[in-house]
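Both ligands and their constituent atoms are indexed starting at 1 by order of listing. Note that the numbering runs from 1 along the sequence shown for the chain. Any value given below was found using the heavy atoms of this structure, including those in side chains, with hydrogens, waters and symmetry copies removed.
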Amino acid sequence: MSERLLRGSGVSPGMAVGPAVVVRWTMPEVPHRIVPRSQVEGEVRRLRAAVRDITRHLAELKERAEDRAGVDEARIFDAQILMLEDEVFLGGVEDLIRENHLTAEKAFEYKALEVRDAWSAVGSPMLSERLADLTGVTIRVVQHLMHVGADDIWGSVPARSVVVARELTPGLTVQLDRDYVVGLISEQGTRTSHAAILAHSIGIPAVFGVPDAVERIAAGTVVVVDGARGTVLLEPTADELAEAQVREASRLEFERQLEAALDQPPLTSDGHRIALRGNVDLPDEIGSAQRHGAEGVGLLRTEFLITGHSRLPSEDEQSAYFQRVGLAFRGHPIVVRTFDLGGDKFPAAFRAPTEPNPFLGWRAIRVCLDQEDMFRTQIRAALRAAARTQIHLMIPLVTRLDEVERTRELVMDEGQRLAREGIEAAPTVPVGVMIETPAAAILADRLAAVSDFLSVGTNDLTQYTLVVDRGNARLADRFTPHDPSVLRLLRMVADAARAAGKPASVCGEMASEPLPAVLLIGLGYDALSVAPPALPLLRWLVRHVSLERARAAAEEALAAHSAAEVLAVAHRALAELIDLRLLADNVPGCPEIEPGVA
Ligand code: PEP
Ligand code: MG
């Protein structure tokens with residue numbers, strides 16, 4: 001059995017059975033050819049024409065993705081289109097052609113390799129996702145320049161087969177027909193890969209990150225793809241095939257349950273309300289948050305207003321955006337996070353200093369307080385939008401009381417000024433503190449006294465407490481937001497907020513994982529804000545959890561010796577409330593929830 005069972009990450013749930021087809025979409029061998037001086041400008045023109053053609057083609061694929069996967073998912077193609085519109089990159093390719101008399105395809109390949117090396121050296125997950133886009137764009141442009149067919153590989157795939165590849169790009173995935181390709185297996189990629197996101201939206205079960213899949217799965221072998229558990233079973237027996245069918249039926253039933261939960265209030269089984277809000281990074285996610293039942297926005301990230309732009313956003317632009325979000329969630333709060341610049345967010349409009357350690361550097365509220373004009377503009381925009389909507393302001397990466405006090409002064413000041421100017425605006429807005437540093441957690445009682453609410457950003461709080469870079473894949477096993485040390489801080493924050501009579505919420509990724517979410521509820525957090533697609537499962541979970549049991553689990557978890565023990569505690573609690581197989585079988589990335597693990 002073990003040789004027949006391959007393991008990877010489940011990235012798109014569902015069971016698929018079919019014969020394997022191996023597809024190869026790789027970089028063609030580009031010959032090293034020097035062109036005569038007289039042809040150099042011709043190569044530059046050829047480059048420009050190819051870039052134009054591919055940009056047009058990507059725009060078509062984007063439209064196709066909008067129809068098939070949704071507007072949010074189609075945005076994935078923007079990253080590739082932007083690469084082809086990047087004049088610094090294209091200028092670099094032209095320089096290689098002109099200075100070294102290379103062909104357009106060789107120069108493009110070299111430049112892409114140079115960028116790949118530079119991005120790989122940074123080692124951030126955000127950039128590693130962009131690496132897959134870079135590969136996709138490079139293969140496309142080079143194949144086009146060499147007149148090698150790029151997109152016709154699907155023509156040769158027989159009906160109802162399972163595709164096996166080294167790497168699947170979004171461009172290839174969005175063209176898949178669910179009737180033709182029933183499952184996907186890839187050696188590369190993770191749950192956050194763009195191809196994985198598209199496979200999920202189109203509804204094709206997929207397992208990525210399967211080592212040596214192309215070598216180990218011979219063409220024509222019948223395989224069973226389990227897109228939740230992340231397994232691939234080769235040559236299944238009749239019994240195994242029957243089991244796969246049962247599993248698929250149970251998954252469809254689970255999906256129906258999640259959908260049904262969206263029409264029911266997010267009350268625990270013993271009747272306590274947990275507010276479930278959405279984290280919105282980009283305007284396109286507003287619709288997704290609405291569809292997934294968000295009761296407002298618990299974290300409205302605003303960095304996109306700056307990054308990728310050559311100038312700072314105006315007061316009118318920001319105010320219009322905040323108002324638009326507010327009107328989309330009438331009657332619910334919209335928590336606007338003030339610019340969280342620096343660290344992993346690189347603003348183009350801003351000459352940010354190169355720092356040896358940017359995560360401990362000039363970032364977030366530090367930047368805003370130093371750049372007072374920029375900060376005042378954002379505050380005024382929030383106050384204006386708050387005239388008609390429930391806008392709150394939230395300050396990231398706070399470490400000191402005076403950061404909150406100064407922000408409040410600026411809010412008061414701008415509120416008064418807007419009134420003097422006769423501009424329609426709220427006189428003030430609730431100002432909250434993001435608890436993302438050990439300093440803020442330790443000072444939570446004092447911070448609660450000078451603010452209107454606290455919201456824990458567990459991504460940064462974990463990073464700074466455990467001294468584990470949140471983007472370092474090598475340390476991924478150590479990035480455990482449910483570590484006993486982080487839980488203690490979470491407890492301190494919840495207690496401080498309760499004592500001060502101020503609301504406390506969590507808006508980091510931790511809240512979207514079933515086991516840790518139970519502990520957060522037990523610690524006393526009655527508002528959770530997560531990425532919109534995570535909302536249906538969270539709502540379903542809340543409705544199955546009793547506050548009383550969650551509290552007992554949190555108490556027990558606080559006494560645990562290790563992160564693994566904490567998970568085991570949450571696992572035991574959840575096992576009393578629901579059939580854990582439902583999660584293990586149906587939710588990609590829930591292997592720790594395997595029944596009997598604890
Ligand atoms: C966090 O740090 O947990 C958080 C929600 O903020 P971001 O992920 O944007 O840093
Ligand atoms: Mg943060």
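- Of the heavy atoms in Leu299, only side-chain atoms (C-beta onward) come closer than 4.0 Å to ligand 1.
- In this structure, Met510 falls outside the shell of residues with a heavy atom less than 4.0 angstrom from ligand 1.
- Between Arg470 and ligand 1 there is a heavy-atom distance shorter than 4.0 Å.
- With contacts defined as side-chain heavy-atom distances shorter than 4.5 Å, the pair Arg478/Leu466 does not qualify.
- Ligand 1 places these atoms under 4.0 Å from at least one heavy atom of Met434: 4 (C), 5 (C), 6 (O).
- Contacts of Asn459 with ligand 1, taken as heavy-atom pairs under 4.0 Å, involve both backbone and side chain.
- Between Arg406 and Glu372 there is a salt bridge, since at least one side-chain N of the basic residue sits less than 4.0 Å from a carboxylate O of the acidic one.
- Closest to the Mg ion (ligand 2) among the N, O or S atoms of Glu436 is OE2.
- For Glu295 and Arg277, the salt-bridge test fails: no basic side-chain N is under 4.0 Å from an acidic carboxylate O.
- Between Val336 and Ile334, some side-chain heavy-atom pair lies under the 4.5 Å cut-off.
- Near Glu436, with a cut-off below 4.0 Å to any heavy atom, the atoms of ligand 1 are 1 (C), 2 (O), 4 (C), 6 (O).
- Proximity of Arg337 to ligand 1, defined as any heavy-atom pair under 4.0 Å, is confined to the side chain (atoms from C-beta onward).
- For ligand 1, the atoms closer than 4.0 angstrom to any heavy atom of Asp460 are 1 (C), 2 (O), 3 (O), 10 (O).
- Aromatic ring orientation, Phe304 versus Tyr321: perpendicular (interplanar angle above 60°, classes split at 30° and 60°).
- Between the side chains of Glu285 and Ser288, no donor N or O sits under 3.5 Å from an acceptor N or O.
- Looking only at N/O/S atoms, Asp460 comes nearest to the Mg ion (ligand 2) through OD2.
- Contact atoms of ligand 1 toward Gly508: 3 (O) (distance under 4.0 Å to a heavy atom of the residue).
- A side-chain N or O of Ser505 and one of Ser455 form a donor-acceptor pair less than 3.5 Å apart.
- By the 4.0 Å N-to-carboxylate-O rule, Arg337 lies close enough to Glu303 to be salt-bridged with it.
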